Amino acid sequence: MTQRDEYFQVRAEKVERLREQGIDPFPARYRRTHTIAQALELLARWTERGRPARERSVSVTGRVTGVRNMGRVAFLDLRDGTGAMQAQLRRDLTGADFELLKSLDLGDFLGVRGRLIHTRTGEPTVEARSAAMLGKALRPPPEKWHGLQDVQQRLRQREADLIANDDVRERFVLRSKLVAAIRRFMDGRGYLEVETPILLNVAAGANARPFVTQHNALSRTLYLRIATELHLKRCIIGGLDRVYEIGRIFRNEGLDATHNPEFTSMESYEAYADYNDIMSLVETMVEGLASELLGTTTLEYGGATIDVKAPWRRLDLRTAILEHAGIDIDAHRDAASLAGRMREIGVVVTQEDSWGRLVDKLLGDKVEPHLVQPTFLVDYPVEMTPLAKRHPSKGGYVERFEGFVAGMEVCNAFTELNDPIEQRRRFEEQEALRVEHAEEDFDRLDEDFLTAVEYGMPPTGGLGVGIDRLAMLFSGQSTVREVVLFPHLSLSQDEMFRAVDAAIQEVLSRLPTLSQDAFYELVRNDLSAEVAARITKGELIRRAMQAFEDQSQAI
RNA sequence: GGGCCGUUAGCUCAGCUGGCAGAGCACCGGACUUUUAAUCCGGGUGUCCAGGGUUCGAGCCCCUGACGGCCCA
């Protein structure tokens, strides 16, 4: 028996023992009178002002995170969502409930009822008169002093991470407060929170590849949204003058430090506003969030001290590229010419890159890393931005900005294009570019949206904020998966081997007398694309061979 | 894509020049009425990431691969 099984079995036996004693190890309810924070506060108040004449006993609940058993008295550390405190179990005070200790393990949920006292050492404590098991744990918690360090396990079993690591717990509390504060900020400015569809006939509104799914009843292919932009603008057209949506966006692309295939955005649209108004909204909001949540507008990130206090620097995009890369993009308005200049300064480009993509690479390589202090990069080439309005005086540019903090893009905003004729032309340009540059992502033409704009759309300022990026910034994390509770991960080695072994067993049970070569082929076909791509032929053959031998021996 | 580092008990980690696989926590058995990572006595529970090679002998050396971390593109 492995040690893992032993832990489980010992605890499972305790569950049985409790049942034999007529105790439900998983009772439906328990009446608690105080959260741990409330109990601590109550005791502090009593200590200050004296105990009431008729003192109530309290009951608190929580997970057992520590046990110090001294024979006829035991001290338990209890933790609930509000805090941690000590409970004392004395044999002479708890009677039969004292026996519960024999079936108690770290990680169990317990309720205790009794007086609030300070022990000899001054520790706030519930002096239990009764105790009840509220939920037995069958697995041991991670190591109590060092916590859980293994990154894979932390991310795959976030609950264990949260149990073991206080900083992780606090980080996700902060994220939640961040979202709540953004809502308050937008609500306070008269914005209406709306909900728009996630399943769409056309995934438009951004340059990204969508996830594809199937609606059975309609026999229709649907796409998960890659932005909330187009529907929110339809709200503006409909007369909801200020709207926003906080929600999940899905983009079918790779995973890395700053990209999870599903992420949270806050998009907002405001009629009669332009991108200058939106800049001021963003800097005001982020400064306010920092003051409210962190108590300061300066934050430490990646070794830099960043001040998010408004106003943020405005930096013209063309000037920025000129300064940081020495290239005037207006002097190289075609892809071949720009690519040539970029090669000269050592930026990796390909024959197929579109002009817009080249500019994007220049930005990413040469400009963005320098945008450590909060900066709005202003006025983007029209090729990169089909939904923004042309700049009235800068030919070839649109009124668009992106906000950067710590070299990270945190928002994207435009003065929205509200001319339906030009909007159609811009979408058509995107479709043409898609034909020319098959590997790149372009926006898609959405007829329903164009119809909406044709009804007449007011001048509008629009904004998209990456909530995950903000959460990273505010919590000092360098990867998005540390601010997403359950991030997507590729398969672990164990999971891969398990998938292979399962496929082998499946084929073996179906066709036990196959030749070996045919057998490998069938197993390989059974594997998911992800596993098939990564398992080596040698590894597959070894595992199949082993299973083959095991089976022959069994027969 | 490239470089460096790592993968050993449930968890956190040692393991020297190749020679019986280790510690702390956790766990199991026992003692203990005021502990705070309780303490004391006894017990090591393992696919050393996988496979192959060298060797009398491999956790350690070599090769291939998987997974992960960091750095660079």
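Throughout, protein chains are lettered first and strands after them, A, B, ... in sequence-line order, and every chain is numbered starting at 1. Since the structure is predicted, the reported quantities are computational estimates derived from the model, not experimental observations.
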Engineer: Show, in sequence, the C-alpha distance, side-chain angles and deciding distance for V67(A) and D105(A), and conclude whether the side chain to side chain contact (heavy atoms under 4.5 Å, CB included) test is met.
Structural biologist: CA-CA 8 Å; V67(A) 177; D105(A) 291 298; over 6 Å; no

Engineer: Can you tell me, in whole Å, how much space there is between the P of rC25(B) and that of rC5(B)?
Structural biologist: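 Their P atoms lie roughly 33 Å apart.
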
Engineer: Expressed in whole Å, how much space separates the P atoms belonging to rU12(B) and rG3(B)?
Structural biologist: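 Looking at atom P only, rU12(B) and rG3(B) are 29 Å apart.
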
Engineer: Distance-only criterion, 3.5 Å: show the donor-acceptor pairs between side-chain atoms of residues 476-484 of chain A and protein atoms not counting sequence neighbours.
Structural biologist:
| residue | atom | partner | partner atom | Å |
| --- | --- | --- | --- | --- |
| E482(A) | OE1 | R154(A) | NH2 | 2.7 |
| E482(A) | OE1 | R171(A) | NH1 | 2.9 |
| E482(A) | OE2 | R154(A) | NH1 | 3.1 |
| E482(A) | OE2 | R154(A) | NH2 | 3.2 |

Engineer: Distance between the P atoms of rU8(B) and rG44(B), in whole angstroms?
Structural biologist: 23 Å

Engineer: For the side chain of F75(A), starting at C-beta, report the closest nucleotide among rU34(B), rA73(B), rC27(B).
Structural biologist: rU34(B)

Engineer: Any side-chain donor-acceptor pair under 3.5 Å between E262(A) and H488(A)?
Structural biologist: yes

Engineer: Taking only the P atom of each, what is the distance from rG6(B) to rG10(B) in whole angstrom?
Structural biologist: 22 Å

Engineer: Report, one pair per line, the protein and nucleotides 12-15 of chain B atoms (nitrogen or oxygen only) whose separation is under 3.5 Å.
Structural biologist:
| residue | atom | partner | partner atom | Å |
| --- | --- | --- | --- | --- |
| rU12(B) | OP1 | Q149(A) | N | 2.8 |
| rU12(B) | OP1 | D150(A) | N | 2.8 |

Engineer: Please state how far atom CD in E13(A) lies from atom C1' in rC28(B), giving the value in whole angstrom units.
Structural biologist: 11 Å

Engineer: Here's a test for you: under side-chain hydrogen bond (donor to acceptor under 3.5 Å, both in side chains), which of E440(A), H437(A), E436(A) qualifies with S354(A)?
Structural biologist: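 With S354(A) as partner, side-chain hydrogen bond (donor to acceptor under 3.5 Å, both in side chains) holds for just one option, E440(A).
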
Engineer: Please give the distance between the C1' atoms of rC13(B) and rG52(B) as a whole number of Å.
Structural biologist: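 Nearest-Å result for rC13(B) against rG52(B) at atom C1': 29 Å.
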
Engineer: Using a cut-off of 4.0 Å on non-hydrogen atoms, how would the nucleic acid contact of K366(A) be classed: base, sugar-phosphate, or nothing?
Structural biologist: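 It contacts nothing in the nucleic acid.
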
Engineer: Reckon K102(A) has a side-chain N or O less than 4.0 Å from the OP1 or OP2 of rC28(B)?
Structural biologist: no

Engineer: Measure from CG on D256(A) to P on rC70(B) and round the result to the nearest Å.
Structural biologist: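 Atom CG in D256(A) sits about 12 Å away from atom P in rC70(B).
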
Engineer: With rounding to whole Å, what would you report as the distance between rA50(B) and rA58(B) at their C1' atoms?
Structural biologist: 16 Å

Engineer: Regarding T94(A) and D97(A), do their side chains bring together a donor and an acceptor under 3.5 Å, going by distance alone?
Structural biologist: no

Engineer: Drop me the distance from C411(A)'s SG to F376(A)'s CZ, to the nearest 0.5 angstrom.
Structural biologist: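 C411(A) SG to F376(A) CZ: 5.5 Å, rounded to 0.5 Å.
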
Engineer: Side chain of R68(A) only, please: which of rA38(B), rC28(B), rU33(B) is the nearest?
Structural biologist: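 The listed nucleotide nearest to R68(A)'s side chain is rA38(B).
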
Engineer: For atom P, what is the distance between rU7(B) and rG59(B), given to the nearest Å?
Structural biologist: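 Each nucleotide's P atom is 15 Å from the other's.
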
Engineer: Does the cation-pi check pass for R400(A) over Y380(A), that is, NZ or CZ under 6.0 Å from the six-membered ring centre and within 45° of its axis?
Structural biologist: yes

Engineer: Does any N or O donor sit under 3.5 Å from an N or O acceptor when you compare the side chain of Q86(A) with the base of rU35(B)?
Structural biologist: yes

Engineer: Scan side-chain atoms only and decide if R68(A) and Q86(A) contain a donor-acceptor pair under the 3.5 Å cut-off.
Structural biologist: yes

Engineer: What is the distance, to the nearest angstrom, from the CZ atom on F8(A) to the C1' atom on rA26(B)?
Structural biologist: 17 Å

Engineer: Could you measure between the two C1' atoms, the one in rC63(B) and the one in rU55(B), and give it in whole Å?
Structural biologist: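 Between the two C1' atoms, the distance is 16 Å.
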
Engineer: Would you indicate which nucleotide in rC27(B), rG69(B), rA38(B) comes nearest to any side-chain atom of L106(A)?
Structural biologist: rC27(B)

Engineer: Nearest to the side chain of Y7(A), heavy atoms from C-beta on, is which of rU33(B), rC32(B), rG10(B)?
Structural biologist: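 The closest nucleotide is rG10(B).
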
Engineer: Report the distance from atom CD of E127(A) to atom P of rU33(B), rounded to the nearest whole Å.
Structural biologist: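 Computing the E127(A):CD to rU33(B):P distance gives 17 Å.
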
Engineer: Calculate the interatomic distance between D77(A) atom CG and rA37(B) atom P; express it in whole Å.
Structural biologist: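 Answer to the nearest Å: 9 Å.
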
Engineer: Just compare rC28(B), rA26(B), rC32(B) and give me whichever is closest to any side-chain atom of M70(A).
Structural biologist: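 Taking heavy atoms from C-beta onward, the closest nucleotide is rC32(B).
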
Engineer: Check the phosphate of rG69(B) against R481(A), side-chain N and O only, distance under 4.0 Å to OP1 or OP2. Yes or no?
Structural biologist: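 So the side chain of R481(A) is within the cut-off, an N or O lying under 4.0 Å from OP1 or OP2 of rG69(B).
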
Engineer: Rounded to the nearest angstrom, tell me the gap between atom CG in L104(A) and atom P in rC28(B).
Structural biologist: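 The distance from CG of L104(A) to P of rC28(B) comes to 11 Å, rounded to the nearest Å.
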
